[in-house]
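Side-chain atoms are counted along with the backbone in the values below, which use heavy atoms only and exclude waters and symmetry mates. Sequence lines set the chain letters: A, B, ... in the order given, protein chains first and strands last, and positions in each chain run from 1.
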Amino acid sequence: MLRRIIKFIHHRNIQTFISISIHQSAKLHSFPPNSPNSNIAAPSFNLNHAPAQQIHGQDHDMRFMEYDALLRDCVSRKHVKAGQTAQSHMIKTSYALRVYFGGRLIVLYLKCGCLDDAQKVFDEMPQRNVVSWTAVISGYTKSGVFNEALHLVLEMLRSGTNPNEYTFATVVILCTSASQFECGRQIHSLIVKSPFESHIYVGSSLLDLYAKSGNIHEERLVFEGLPERDVVSCTAIVSGYAQLGFDQEALDLFCELQSEGMSFNYVTYACVLTALSGLAVFEYGRQMHGRVLRSHQSFYIAVENSLIDMYSKCGHGDEESVVELYSNMKEENKFKADGTTLLTVLSGCSHGGMEQIGLQFFDEAASAGGVDLGIEHYGCIVDLLGRAGQLERALHFMKEMPLKPNAAIWGSLLGACRAHRDFQVGKVAADRLLEIEPENAGNYVMLCNVYALDGRWHEVRKVRRLMKEKAVVKEPGKSWITLGQTLHTFYAGDRSRPDSEEVLLCKVGEMSIG
DNA sequence: GTAGGGTTAG
């Protein structure tokens with residue numbers, strides 16, 4: 001029977017085999033349908049019953065190898081039904097299920113998105129080891145089920161299981177993904193006490209943790225402490241600098257590492273191009289483009305996207321290069337697979353003053369189909385129209401768009417209204433923003449800014465009262481000084497209005513709430 | 001059997 005399964009798998013007749021097996025299994029057992037990717041549930045791992053027939057010696061080893069090969073295939077092909085059938089087969093033939101296969105099954109179910117099935121196997125495993133713990137935590141992390149994953153980490157530590165280098169790398173990634181940076185720092189202190197501090201995978205995950213939490217100093221310390229460097233860790237630190245806006249530092253470090261003989265790949269180039277985009281120096285950008293071409297890494301979508309981004313932001317937007325790169329990607333059918341490209345080109349056109357071409361690209365994409373237009377794409381168009389000062393048109397676009405504008409989009413419109421001093425549209429945007437996010441203190445500040453556009457200081461006071469009534473608490477960092485500074489800047493450019501008492505009122509402290 | 005870095009947007 002088992003050899004038949006393997007034979008079928010290798011002949012790519014999984015579907016046939018599965019339908020026969022499921023049909024046969026269904027006659028024997030009644031499996032309730034609760035698995036997302038299949039119409040049968042994962043069989044139970046309950047081994048309480050005595051095996052009908054014990055398998056010993058060579059036969060047992062053979063079966064181990066066959067099951068192992070089978071499950072390996074199932075995992076690589078993400079074939080959940082074949083895995084479930086193999087599991088049933090093990091149970092029916094009383095094969096002693098072991099931690100090893102439990103781990104394999106968990107990986108299979110998690111890869112196929114069957115979280116419940118994976119959890120069931122994990123819960124019913126007679127024994128767990130560091131691999132099964134790590135597999136489940138990793139799967140939950142990849143599926144975005146962060147709270148459960150974090151609980152499992154605690155449970156694992158309480159159970160006395162010692163994490164290995166795989167576990168630490170996984171848990172650090174979990175903390176980063178879940179934005180649990182303090183938790184990540186605590187895990188780092190555990191890592192320092194473990195034998196895995198100098199492990200390159202653990203190190204790279206720590207670099208990313210500190211990059212995403214905005215702590216470039218700590219990230220550099222980890223990087224300097226690494227006993228060896230490779231392309232991933234070097235990319236992580238360059239990326240960290242670029243993500244946090246230290247564009248010159250990112251470029252300098254990239255050059256330094258390259259002069260030391262480090263060779264890079266497409267991920268590094270995507271990052272360093274982002275840094276160049278921030279620097280907005282056309283000549284640097286062109287040089288790097290040449291380097292990317294010589295590295296033969298230029299055909300990766302992420303690199304092409306970064307190139308588009310760079311050309312749209314270097315100088316005043318190199319329309320010719322942007323159009324050429326984007327058109328090439330369209331011809332190669334690359335952009336259909338990746339909505340990021342459209343987003344990149346739209347945002348590039350918005351920042352680079354290429355409104356017409358941006359709108360044209362959007363219309364083309366909307367009529368041709370192929371790219372799923374998400375809220376971000378619509379947001380880019382609102383941003384683009386806003387920057388161009390076409391605020392009424394932006395508002396009209398938002399009313400017509402098929403998706404409901406979110407707070408970010410209203411905020412973007414409001415920002416544009418401030419820049420272009422449009423009180424009418426700005427008031428609409430600020431009101432909508434307060435409806436959507438009444439708890440966000442920043443929105444009240446924005447509303448005040450809108451009233452300030454029209455010199456309506458009385459209204460500014462009313463908003464302050466409203467905040468008191470609703471007991472909205474401003475976030476640290478988003479203090480009233482923002483408003484005070486905004487108003488000062490506003491008046492600095494408009495000598496016809498003297499600084500008023502209200503501007504002074506906006507100083508820090510005087511407007512703070514209860 | 002379990003592990004690392006990436007492109008856009010507000």
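Residues from residues 200-211 of chain A with heavy atoms under 4.0 angstrom of DNA chain B, sorted by number: A/Ile200, A/Tyr201, A/Ser204, A/Asp208. DNA chain B lies under 4.0 Å from no heavy atom of any residue of residues 216-224 of chain A. Contacts of residues 142-164 of chain A with DNA chain B (heavy atom under 4.0 Å): A/Lys142, A/Asn164. Within residues 347-363 of chain A, the residues approaching DNA chain B are A/Ser347, A/His351, by heavy-atom distance under 4.0 Å.
Judged by a 6.0 Å distance limit and a 45° cone about the ring axis, A/Arg128 is positioned over the six-membered ring of A/Phe122.
Every residue two or more places apart in sequence or in another chain that forms a side-chain hydrogen bond (donor to acceptor under 3.5 Å, both in side chains) with A/Asp68 is listed here: A/Arg72, A/Tyr100, A/Arg104. For A/Thr268, the side-chain contact (heavy atoms from CB on, under 4.5 Å) partners two or more places apart in sequence, or in a different chain, are A/Val231, A/Thr235, A/Phe254, A/Phe264, A/Asn265.
At distances below 3.5 Å, at least one donor-acceptor pair connects side-chain atoms of A/Ser143 with backbone N or O atoms of A/Gly139.
Residue A/Glu376 places its side chain closer to B/dA9 than to any other of B/dG6, B/dA3, B/dA9. The side chain of A/Asp230 lies closest to B/dG4, out of B/dA9, B/dG4, B/dT2.
To the nearest 0.5 angstrom, A/Tyr378 atom OH is 11.5 Å from A/Glu400 atom CD.
Counting to the nearest Å, the P atom of B/dG5 and the CG atom of A/Leu273 are 20 Å from each other.
Contact annotation: A/Arg229 side-chain N/O to B/dG4 OP1/OP2 distance is not under 4.0 Å. Not one side-chain nitrogen or oxygen of A/Gln243 sits closer than 4.0 Å to the OP1 or OP2 atom of B/dG5.
Counting non-hydrogen atoms under 4.0 angstrom, A/Thr134 reaches a base of the nucleic acid.
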